[in-house]
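The structure appears below as structure tokens.
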Amino acid sequence: MIEERYDEERFEFGEAVRVTRNVRNDGTYPGREIGDLLIRRGSVGHVIEVGTFLQDQVIYTVHFLDHGKMIGCRAEELISADAPWNPSRFEFRDKVRCNRDLPTADGVIASGTEGEVLKILREREPLLYHVRFPGKTMQVPEVVLEPADPANFREPEE
């Protein structure tokens, strides 16, 4: 993996990678319904092609040999297969709500405030998240978060 090139090609042909979120059909995978689960997060595959989508998004075609599937993944959905892996409840871009007041240097983020998951720090126990709340990004543990829309939240498939 080429760490310093986060926004460009950072995985090389043949490199083993792990998908960090459940990948569902967005309409581009033939023979499956939109929304169908294609591959579970944590699955390991190998990069077989690097391309672009809409001229500005790098897409990696990953072959998940054990599942018999080749799936296009964005860089933020992949980590090196050798990187630490701890499953998480929330994923990149999930809408969440804090379930308690979160003190900050300049005030407090009130319980119930909604935010969006920007990053998951899997290297530690407990897992930590970078969450963008209105006007502030904070690093918080999973225990202080809940789904922003519980009725439509899909718990991770294990």
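Numbering of residues begins at 1 and proceeds along the displayed sequence. In this text, all values refer to a predicted model and were calculated from it rather than measured experimentally. The figures that follow rest on heavy atoms only: side chains count, while hydrogens, waters and symmetry mates do not.
Residues Ile48 and Val62 fail the side-chain proximity criterion, which asks for heavy atoms closer than 4.5 Å. Side-chain contact between Thr113 and Pro134 is present, with at least one heavy-atom pair separated by less than 4.5 Å. Side-chain atoms of Leu37 and Asn22, non-hydrogen and from C-beta on, do get closer than 4.5 Å to each other. In this structure, the side chains of Val47 and Thr61 stay at 4.5 Å or more apart for every pair of heavy atoms.
Alongside Leu121, the hydrophobic cluster contains Leu128 (criterion: ILVMFWY side chains under 4.5 Å). The hydrophobic cluster of Phe92 has no other members, since no ILVMFWY side-chain heavy atom comes under 4.5 Å of it.
Put simply, Val58 and Val23 are part of the same group of oily side chains (I, L, V, M, F, W, Y) that touch within less than 4.5 Å, one to the next.
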CA sep, side-chain torsions, deciding dist, call: Arg100, Val143, side chain to side chain contact (heavy atoms under 4.5 Å, CB included): CA-CA 10 Å; Arg100 60 191 73 168; Val143 69; 4.1 Å; yes
Val17 vs Tyr60, test: side chain to side chain contact (heavy atoms under 4.5 Å, CB included). Steps then yes/no. CA-CA 10 Å; Val17 294; Tyr60 297 91; over 6 Å; no
May I have the step-by-step check of side chain to side chain contact (heavy atoms under 4.5 Å, CB included) for Val108 and Leu102, ending in yes or no? CA-CA 6 Å; Val108 88; Leu102 301 175; 5.6 Å; no
Take Val50 and Phe13, measure what side chain to side chain contact (heavy atoms under 4.5 Å, CB included) needs, and give me the verdict at the end. CA-CA 8 Å; Val50 180; Phe13 178 82; over 6 Å; no
Show every donor-acceptor pair shorter than 3.5 Å between a side-chain atom in residues 64-71 and any protein atom, with sequence neighbours excluded, or say none if there are none.
from  : atom 1 : to    : atom 2 : distance (Å)
Lys69 : NZ     : Leu38 : O      : 2.7

Using atom types as modelled, flag every donor-acceptor pair under 3.5 Å from a side chain in residues 144-152 to any protein atom, sequence neighbours excluded.
from   : atom 1 : to     : atom 2 : distance (Å)
Asp149 : OD2    : Asn152 : ND2    : 2.7

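With sequence neighbours left out, Arg74 forms a side chain to side chain contact (heavy atoms under 4.5 Å, CB included) with Arg21, Gln57, Ile59, Glu76, Glu77, Arg93. Under the side chain to side chain contact (heavy atoms under 4.5 Å, CB included) criterion, Asp36 pairs with Arg32, Glu33, sequence neighbours left out.
The main-chain N or O of Gly42 is found under 3.5 Å from a side-chain atom of Arg18 such that the two form a donor-acceptor pair. When atom types are taken as modelled, the side chain of Arg10 and the backbone of Ala75 share a donor-acceptor pair closer than 3.5 angstrom. Using modelled atom types, no side-chain atom of Arg41 and backbone atom of Thr20 make a donor-acceptor pair closer than 3.5 Å.
Under the 3.5 Å distance criterion, with hydrogens and angles disregarded, a donor-acceptor pair is assigned to the side chains of Tyr129 and Glu142.
Taking every heavy atom of both residues into account, Ala110 and Cys98 meet most closely at O-SG, 3.1 Å. Taking all atoms of both residues into account, the shortest heavy-atom contact from Gly27 to Asn25 is N-OD1, 2.9 Å. Residues Gly14 and His46 approach most closely at O-CD2, 3.2 Å, considering heavy atoms. Nearest heavy atoms, Ser111 versus Asp101: N-OD1, 2.8 Å.
The pair Glu116-Arg132 fails the salt-bridge criterion, with no side-chain N (NZ, NE, NH1 or NH2) lying under 4.0 Å from an Asp/Glu carboxylate O.
Distance check: Thr104 OG1 to Met138 CE gives 6.5 Å after rounding to the nearest 0.5 Å. Between Arg24 atom CZ and Tyr29 atom OH the span is 14.5 Å, to the nearest 0.5 Å. Distance check: Asp82 CG to Glu15 CD gives 8.5 Å after rounding to the nearest 0.5 Å. If you take CG on Leu127 and OG on Ser88, they are separated by 6.0 Å, rounding to the nearest 0.5 Å.
You'll find the ring centres of Phe90 and Phe153 inside the 6.0 Å limit.
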